[in-house]
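Data first, discussion second: the structure below is written as structure tokens.
These numbers come from a predicted model, not from an experiment.
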Amino acid sequence: MLDLTAAFSELYQVRLFDGTELNLSRPTQALQESIMRLQEMGNDAKNSSKIMKETMAIFCRVLNRNTQGITFTQEQIEDDYDYSVALLVIGDYLQFYAKEVAAKVSFRTTQ
């Protein structure tokens with residue numbers, strides 16, 4: 001039996017400016033799609049304000065994937081963090097889980 005809770009159980013860890021340590025669950029498909037849409041929007045400099053707002057919304061969604069049950073609002077996130085911090089965390093979060101998948105999943109077949 002394939003146990004998904006064991007196969008993909010690693011949690012991404014982040015320490016916030018106030019010292020709070022969060023363990024974040026892997027991103028959902030919907031969250032990954034939102035990040036991909038954000039990347040597509042990034043090519044249009046005219047939408048910079050909209051892009052920044054959407055980035056902060058995604059950052060809030062990422063932080064709300066925590067296993068401690070702490071809930072953040074977008075207003076809290078925007079008051080405490082800036083755009084560059086949001087980009088750093090989102091990028092590192094995605095890289096962490098991409099490495100996990102690459103290490104555990106192989107589509108190569110042997111003969």
Side-chain angles (χ1 to χ4, degrees):
M1 173 178 85
L2 175 61
D3 182 356
L4 292 178
T5 62
F8 294 104
S9 61
E10 290 187 54
L11 298 173
Y12 177 81
Q13 296 179 322
V14 63
R15 180 177 296 130
L16 303 179
F17 289 146
D18 67 0
T20 302
E21 292 185 13
L22 298 176
N23 297 312
L24 306 180
S25 299
R26 51 186 319 97
T28 62
Q29 183 72 24
L31 181 54
Q32 289 182 14
E33 289 173 1
S34 294
I35 294 168
M36 289 173 58
R37 280 191 302 276
L38 181 64
Q39 290 171 329
E40 291 169 3
M41 289 172 54
N43 297 327
D44 186 1
K46 294 182 285 188
N47 287 329
S48 61
S49 179
K50 184 177 179 181
I51 291 168
M52 291 178 78
K53 195 76 160 166
E54 185 62 23
T55 299
M56 297 310 282
I58 289 171
F59 183 39
C60 184
R61 288 173 63 188
V62 166
L63 294 181
N64 282 330
R65 301 276 308 141
N66 72 78
T67 60
Q68 290 90 332
I70 300 170
T71 302
F72 297 92
T73 65
Q74 189 169 342
E75 292 76 24
Q76 284 175 298
I77 297 306
E78 290 176 355
D79 285 345
D80 294 339
Y81 301 94
D82 66 23
Y83 178 70
S84 61
V85 171
L87 288 176
L88 178 67
V89 173
I90 293 167
D92 195 57
Y93 173 70
L94 289 179
Q95 282 184 342
F96 176 83
Y97 283 112
K99 287 178 188 174
E100 180 191 36
V101 170
K104 294 182 180 180
V105 179
S106 173
F107 291 108
R108 293 189 296 179
T109 58
T110 58
Q111 295 184 10

Atom pairs and distances, side-chain donor-acceptor, residues 13-20, under 3.5 Å, sequence neighbours left out:
unit_1: Q13; atom_1: NE2; unit_2: N23; atom_2: OD1; d: 3.0
unit_1: R15; atom_1: NE; unit_2: E21; atom_2: OE2; d: 3.1
unit_1: R15; atom_1: NH2; unit_2: E21; atom_2: OE2; d: 2.6
unit_1: D18; atom_1: OD1; unit_2: T20; atom_2: N; d: 2.9
unit_1: D18; atom_1: OD1; unit_2: T20; atom_2: OG1; d: 2.8
unit_1: D18; atom_1: OD2; unit_2: T20; atom_2: OG1; d: 3.3

Separation between [atom1] of [X] and [atom2] of [Y], rounded to the nearest 0.5 Å:
| X | Y | atom1 | atom2 | result |
| --- | --- | --- | --- | --- |
| T55 | M41 | OG1 | CE | 7.5 Å |
| L24 | R61 | CG | CZ | 13.5 Å |
| L31 | I35 | CG | CD1 | 4.5 Å |
| L88 | Y93 | CG | OH | 15.0 Å |
| L87 | L38 | CG | CG | 7.5 Å |
| I77 | M56 | CD1 | CE | 7.0 Å |

task: Report yes or no: does N64 contribute a side-chain atom to a donor-acceptor pair with the main-chain N or O of C60 at less than 3.5 Å?
output: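 Pair found, side chain donor or acceptor close to backbone of C60.
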
- prompt: So, Y12 side chain and L22 main chain: donor-acceptor pair closer than 3.5 Å or not?
  reply: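 No, Y12 side chain to L22 backbone: no donor-acceptor pair under 3.5 Å.
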
field: Non-hydrogen atoms of Q32 and P27 that approach each other most closely
entry: NE2-CG, 3.5 Å

- request: Could you pull out the closest heavy-atom pair between F59 and V85, with the gap in Å?
  value: CZ-CG1, 4.3 Å

task: Would you mind reporting whether T67 and S25 have side-chain heavy atoms less than 4.5 Å apart?
output: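 The answer is yes; the side chains approach within 4.5 Å.
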
task: For residues E54 and R37, determine if any side-chain heavy atom of one lies less than 4.5 Å from a side-chain heavy atom of the other.
output: no

message: Tell me which pairs pass side chain to side chain donor-acceptor pair (under 3.5 Å) where either residue lies in residues 78-90, with sequence neighbours left out.
response: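 Pairs touching residues 78-90 that pass the test: K53-E78, Q74-E78, D82-S84.
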
